[in-house]
Undergrad: 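Pasting in a structure now, in structure tokens, and then I'll have a few things to ask.
Residue numbers start from 1 in every chain, and the chains themselves are labelled A, B, ... in the order their sequence lines are given, proteins ahead of strands.
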Protein chains: 2
Amino acid sequence: MSPEETGRLSAADRREQILTAASVVFGERGYAGGTTDAIAQQAGVSQAYVVRMFGGKEKLFRASAERAADKVIEAFRGAIAEFNANDDVHEKTLKLAIAYTHLVADRGILLTLLHLFSLGHDESFGPLARSCFLSTYTIVREEAGLTPEEASAFFARGMLTTTLLAMRMPDAADDPTAAELMQCTFGETSTDLITLSQGQSPLDDSGR
Amino acid sequence: MSPEETGRLSAADRREQILTAASVVFGERGYAGGTTDAIAQQAGVSQAYVVRMFGGKEKLFRASAERAADKVIEAFRGAIAEFNANDDVHEKTLKLAIAYTHLVADRGILLTLLHLFSLGHDESFGPLARSCFLSTYTIVREEAGLTPEEASAFFARGMLTTTLLAMRMPDAADDPTAAELMQCTFGETSTDLITLSQGQSPLDDSGR
DNA sequence: GTAAGTAGTAATCAGTTGATTACATCAAGA
DNA sequence: TCTTGATGTAATCAACTGATTACTACTTAC
């Protein structure tokens with residue numbers, strides 16, 4: 001039988017697949033709530049394999065969070081590459097915000113990071129959380145060339161966006177108050193944001 | 001023996017004490033990570049009592065989150081009561097932000113809410129998360145009289161503040177990048193914010 | 001063709017955790 | 001005083017979960 005038929009993958013491919021699954025599960029349930037078994041099911045492998053490949057749940061979460069941060073960085077660098085020489089702050093910020101918005105298509109990325117940030121007290125994850133956040137901040141400051149005030153305002157909006165998404169505010173879009181808040185927050189990037197964030201299948205969960 | 005000597009309390013007092021403990025524990029570890037036993041230890045009662053008094057961990061978290069939201073609402077109303085007739089947006093926002101900042105003294109409140117917000121996908125907690133957030137938004141809009149844009153900007157800054165606090169960015173204040181970010185974000189409210197958030201004893205944890 | 005390494009799993013285990021039960025202790029009213 | 005209801009706990013349980021072990025099956029190099 002060929003590898004295609006047996007469903008066997010190289011370790012690198014399987015690793016990527018498990019990281020994708022981990023992003024979904026950790027994004028929805030956080031570190032403590034996300035089980036290695038749920039990740040295994042999502043990836044279509046056994047729970048034992050997930051644990052062994054990454055050497056434990058903690059290392060898997062680290063890898064998952066670092067990968068999420070890398071994707072944010074990658075997205076920002078992509079937006080910066082599209083800067084024109086005469087772009088003002090508003091245009092730069094908009095391009096960054098749109099890049100950020102596109103990350104929402106993979107809900108797991110931003111939600112995994114949000115969960116990482118909420119673990120600041122943790123001896124192991126705290127330093128990782130701070131360094132991940134500061135990495136992205138540094139790029140916006142130095143590579144995008146925003147001032148501290150502009151960067152702070154940009155991240156403020158980004159965190160509100162992430163939070164609204166985490167609490168699935170788009171699900172409450174029929175509430176006029178919620179609609180007003182989202183309209184104002186997403187602003188110029190809102191056109192596709194709400195549609196992007198809808199219809200993403202939740203995890204289904206049953207015994208092992 | 002008198003009630004003072006035996007350490008016995010009325011159910012209402014004990015309830016308040018447990019809710020305070022729950023705020024600390026859930027704030028640090030989230031819903032899934034916060035154990036009823038850790039809450040019981042923090043409150044100085046048995047684990048069985050915690051569970052029985054609230055009818056389960058889920059109801060305890062709901063009560064804890066609702067209490068946190070109530071304290072935010074209370075703080076906002078307190079700030080609004082200090083508004084002067086000729087206050088402009090900037091003065092109003094500053095008063096609200098300072099009230100918000102004082103909430104930080106009890107780290108558990110904002111962090112418990114942040115954890116609640118990250119549970120938007122949950123059937124039970126999702127609606128609660130959205131309604132808690134929208135309650136505070138409505139107060140800022142209608143009672144404080146901010147426009148949607150102003151309110152959105154206010155909450156954006158609030159979420160960034162909360163996130164920085166959750167990841168304990170003040171612990172990294174020796175990093176110049178981190179210091180710059182905090183300086184800009186906390187702005188006029190920063191004077192006491194960093195000192196407020198420091199030296200808060202972490203949970204100590206050992207077997208039951 | 002076979003030996004060796006790699007992908008992958010089933011079965012199982014020990015620690016943790018939310019919940020339950022039965023019981024103890026204490027204050028107040030009849 | 002003694003009975004009743006409320007405060008509170010120790011002991012225990014069943015379910016869950018991360019990790020380990022022993023094993024199978026496939027692929028590749030020689």
Undergrad: Are Thr35(B) and dT17(C) close enough that a side-chain N or O sits under 4.0 Å from OP1 or OP2?
TA: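 So the side chain of Thr35(B) is outside the cut-off, no N or O lying under 4.0 Å from OP1 or OP2 of dT17(C).
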Undergrad: Verify the distance criterion only: is there a donor paired with an acceptor across the side chains of Arg107(A) and Ser23(A) at less than 3.5 Å?
TA: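 Per modelled atom types, Arg107(A) and Ser23(A) side chains form no pair under 3.5 Å.
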Undergrad: For a quick check under 3.5 Å, do Thr162(A) and Tyr100(A) share a side-chain donor-acceptor pair by atom type?
TA: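 Yes, a side-chain donor-acceptor pair sits under 3.5 Å.
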Undergrad: Rounded to whole angstroms, how far apart are CZ on Arg14(B) and C1' on dA27(C)?
TA: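 Atom CZ in Arg14(B) sits about 15 Å away from atom C1' in dA27(C).
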Undergrad: Can you tell me the distance, in whole Å, between the CD atom of Gln17(B) and the P atom of dT7(D)?
TA: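 In whole Å, dT7(D) P lies 14 Å from Gln17(B) CD.
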Undergrad: For Leu103(B) versus Lys71(B), what's the shortest heavy-atom pair and its separation?
TA: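 Shortest heavy-atom contact: CD2-O, 3.9 Å.
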Undergrad: According to a strict under-4.0 Å criterion, is Thr36(B) in side-chain N/O contact with OP1 or OP2 of dG18(C)?
TA: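 Yes, Thr36(B) has a side-chain N/O under 4.0 Å of OP1/OP2 on dG18(C).
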Undergrad: Whether the Thr177(B) and Arg141(A) side chains hold a donor-acceptor pair (N or O, under 3.5 Å, no angle test) is what I'd like checked.
TA: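 On atom types as modelled, these side chains do not qualify, holding no pair under 3.5 Å.
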Undergrad: If you look only at pairs with a residue in residues 55-79 of chain A, which of them pass as a ring-ring contact (aromatic ring centres under 6.0 Å, His included), with sequence neighbours excluded?
TA: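 The answer is Phe26(A)-Phe61(A), Tyr31(A)-Phe61(A), Phe61(A)-Phe125(A), Phe76(A)-Phe154(A).
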Undergrad: Between Gln47(A) (CD) and dT21(D) (C1'), how many Å, whole number?
TA: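 Nearest whole value for this atom pair: 13 Å.
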Undergrad: Identify the pairs formed between an N or O of the protein and an N or O of nucleotides 21-25 of chain C at a distance under 3.5 Å, and give each distance.
TA:
unit_1	atom_1	unit_2	atom_2	d
dT25(C)	O2	Arg8(B)	NH2	3.1

Undergrad: Ignoring hydrogens and geometry beyond distance, is a side-chain donor-acceptor pair present between Thr93(A) and Glu150(A) at under 3.5 Å?
TA: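 The answer is no; no qualifying pair exists.
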Undergrad: Roughly, in whole Å, what's the span from CZ in Phe54(B) to C1' in dG8(D)?
TA: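 Result: 15 Å.
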Undergrad: Using a cut-off of 4.0 Å on non-hydrogen atoms, how would the nucleic acid contact of Gly55(A) be classed: base, sugar-phosphate, or nothing?
TA: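 Counting heavy atoms under 4.0 Å across all strands, no contact is made by Gly55(A).
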Undergrad: For the side chain of Val51(A), starting at C-beta, report the closest nucleotide among dT9(C), dA19(D), dA19(C).
TA: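 Closest nucleotide among those given: dA19(D).
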Undergrad: Using a strict 4.0 Å threshold on nitrogen-to-oxygen distance, state whether Arg168(B) and Glu28(B) make a salt bridge.
TA: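 Salt bridge flag = yes for Glu28(B) with Arg168(B).
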Undergrad: Could you tell me how far apart Ile39(A) (CD1) and dA19(D) (C1') are, to the nearest whole angstrom?
TA: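 Distance check: Ile39(A) CD1 to dA19(D) C1' gives 14 Å.
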Undergrad: Can you figure out which of dA19(D), dG8(D), dT9(C) approaches the side chain of Leu9(B) most closely?
TA: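 The closest nucleotide is dG8(D).
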Undergrad: I need the CG-C1' distance between Asp37(B) and dA10(D), as an integer number of Å.
TA: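 Rounded to the whole Å, the gap is 13 Å.
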Undergrad: Whole Å only: how far is the CD1 atom of Ile18(B) from the P atom of dT7(D)?
TA: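 Answer to the nearest Å: 11 Å.
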Undergrad: If you assign each of Tyr49(A) and Gly33(B) to its closest nucleotide in DNA chain C, which residue comes earlier from the 5' end?
TA: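 It is Tyr49(A), whose closest nucleotide lies nearer the 5' terminus.
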Undergrad: Looking at dG18(C), dT9(C), dT9(D), which one has an atom nearest to any side-chain atom of Val45(A)?
TA: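 Taking heavy atoms from C-beta onward, the closest nucleotide is dT9(C).
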Undergrad: Could you tell me the separation between the NZ atom of Lys57(B) and the P atom of dT16(C), rounded to a whole number of Å?
TA: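 The answer, rounded to whole Å, is 15 Å.
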